[in-house]
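Every number for a ligand or one of its atoms is a count from 1 in the order of the listing.
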Amino acid sequence: MREFQKQFKSQIETKGPFELARRYAYAYMDTIGERNVFPAEQAIEGLRLFREEAFPDKPADPAAILNMLHTAGSPATVAQTGGRYFGFVNGGAVPVAVAAKWLADVWDQNGATYMTSPIASELESVCEGWLSGLFGLPQGTALGLVGGTSTATLCGLAAARNDLLLRMGWDANGKGLFGAPEIRVIVGGQAHASVFKALALIGLGKDRVCVVPADSQGRMIPERLPRLDHSTVLILQAGNVNTGAFDPLEELCSAATQAGAWVHVDGAFGLWAAASRTRAHLVRGLEKADSWSADAHKTLNAPYDCGIVLCRHRNALAAAMQATGAYIPPSSHRDGMQFTPEMSRRARSVELWATLKALGRTGVDALVEGLCQRAQQFARGLQDHGFRILNEVVFNQVLVACETPARTRWTLQALQASGTCWCGGTVWNDEPAMRVSVCSWATSTTDVDCCVQAFVEARAVASGKGGTA
Ligand SMILES: *Cc1c(COP(=O)(O)O)cnc(C)c1O
C-alpha cells in the first residue's frame, strides 16, 4: 500500500479528521452571533496564508488542513446563518438539513442515476411529488435538481425552445438552431440577469427579446403584452430581487395558454409564496405555466446549493436534457440526469427531502409568513427612524433610502463595515437604495430591532463623513 492509502485508511478508522471537523463546526455555530456578519479587514488579510502557499510537494496532515480552515478560513466567511445577514437573497440553513447533508457527504453518492444511487433517486421522486403538491402543480410534473435557479431557468427554457420547435416540425437536438423557425422571447422589464444568461447560453439571444414594460414595483404590465402565438416563450417572474414584487401570473398565463405560447416562471425565492396561506394570492395562476425555476437554498432554507426546475411536460424536459451512451443502461427507474444538464452530481435530494420533512406543510407556511412579517417589521422600524421605503413590502424584500442619494451610499458603506448587519445596494428607479432581504429562519424580531438600530448608527457615521452632500 502507498503511504497516503495507509494514512487515509487510518483516518477512516480513527475518525480523527471527522471529530476535528465536528469540533470546529460546533465552535463556528456557537460563535455565529459574535462574528462580524461580513468579515473584518483583518480576517480577509488572513487569507494570504492560502494565497501565498505554493502547491505542496508532500501530503499534509489532516489536522493541519482543518486547522488552517478553522483559524484562517472561517473568520473570512460571511456569517449568513446568524440571522443578521440580509444580502442578495441568500437564505438560511435548516439545521437538520445540514446534518443530513453531512451524512450524505459521508455516503458520497452520485445522484446521476438510480444505478449510481437508489436512495438519491428515490428521494428525488419523493421531493418531486411533495413539491408539486406544495406549489399546486399538475400531476406528473417533472423535477430536476441543479445548482441553482440560473441553471434551472436554463433547463426550463431549453425544454421550451425544443418543444416549440418540435411542434413546428424542427428537431433542435439534432439540427441545432441554424435554419430553424424563429422563436419569439418575451420578458418583463425587470427580468433577472440569469434569464438573459440562460437565453444567451441556449442560442436564443439576449438582445433580440421583446421587453414588456414593468410598473413602478417591477411587475409586468399585462396591457402591454404583445401578441402571443405558438412560437412564443413568455418568461415571467415571481419575486423581483429588488422589490419582491410578483408579475400578475393569472392574467398573463391565461393569455399565453390561449395563444399556445410556453410560459416559464422564474420563481427563485418567490415561488415559495404558494406554500403560504397568507401569500398564495401573489402567485395565483402559477399552475397554468409550463415550467418553473426555484431555489430551495433561498426561501426554503435548504443548504446551498439546491436549485429546482419543474416542468409540466415531462417528456419535453427529458427530451431537452437527453443523453445516451452504451455504458448508460436503459432504466425503468428514475434517473435524475434525465431532467438536468449534469450527469454526476451530489445527492441534493437528501437535504431537500430533510428540509421539507423538518418543516412539513405548516412549517413551510410559517417560515414564509415569518420572513414576510420580519420584512414588514424592518420597514416600519426604518420608517419610524426617518428612512424612506421605496417599495410595497409584499414579500420579504425591503428597499431603503435616506433623504439624499449620497447619504444612502455612505450609510450603506458604514452599515456594511459595521459587522452588526449586512445588506447590499441597488439602484431602483434611478435612485441608489439599500436592499434588505429577510430570508433566514434564524432572523428574530430582536435581530430586526437590533439591525434597524445599526441602520440608524450607520447613517450617523455617514453624516460625520460628510454624507449630507
Ligand atoms: C437568485 C435569483 C436567481 C438566480 O438564482 P441562483 O440560484 O443564484 O442561480 C434568478 N432569479 C431570481 C429572481 C433570483 O432571485
Original post:
Which ligand 1 atoms does Gly239 reach within 4.0 Å, using its non-hydrogen atoms?
Top reply: 13 (C)
**OP:** Ignoring angles and geometry beyond distance, decide whether Thr151 reaches within less than 3.5 Å of ligand 1 through its nitrogen or oxygen atoms.
**Re:** no
**OP:** Report yes if some heavy atom in the side chain of Asn391 is under 4.5 Å from a heavy atom in the side chain of Gln217; otherwise report no.
**Re:** yes
Subject >> atom 1 (C) of ligand 1 - nearest protein heavy atom and its distance >> reply: Lys298 NZ, 1.3 Å
Original post:
When rounded to the nearest 0.5 angstrom, what is the spacing between SG in Cys253 and CG in Leu286?
Top reply: 7.5 Å
**OP:** Would you tell me whether Thr81 and Tyr28 have side-chain atoms, one donor and one acceptor, within less than 3.5 Å of each other?
**Re:** no
Subject >> Heavy-atom closest pair, residues Gly189 and Val211 >> reply: CA-CG1, 3.5 Å
Original post:
Quick one: does Val283's side chain get under 4.5 Å of Phe135's, heavy atoms only?
Top reply: no
**OP:** Number the atoms of ligand 1 from 1 as they appear, then name those within less than 4.0 Å of a heavy atom of Val241, with their elements.
**Re:** 14 (C), 15 (O)
Original post:
Which ligand 1 atoms, with their elements, are less than 4.0 angstrom from a heavy-atom of Phe269?
Top reply: 15 (O)
Original post:
Name the one of Arg345, Arg346, Arg348 that satisfies salt bridge (charged side-chain N to carboxylate O under 4.0 Å, His left out) with Glu124?
Top reply: Arg345
**OP:** Report the nearest protein non-hydrogen atom to atom 7 (O) of ligand 1: residue, atom name, distance rounded to 0.1 Å.
**Re:** Asp295 OD2, 2.6 Å
Subject >> Atom indices of ligand 1, in the order listed, that fall short of 4.0 Å to a heavy atom of His297 >> reply: 7 (O)
**OP:** Show the numbers, then the answer: is there a side-chain hydrogen bond (donor to acceptor under 3.5 Å, both in side chains) between Ser444 and Asp447?
**Re:** CA-CA 5 Å; Ser444 65; Asp447 284 322; 3.1 Å; yes
Subject >> Protein residue, atom and distance nearest to atom 11 (N) of ligand 1, heavy-atom basis >> reply: Asp266 OD2, 2.8 Å
Original post:
Any idea which of Ser150, Ala268, Gly147, Ser194 brings a heavy atom closest to atom 12 (C) of ligand 1?
Top reply: Ala268
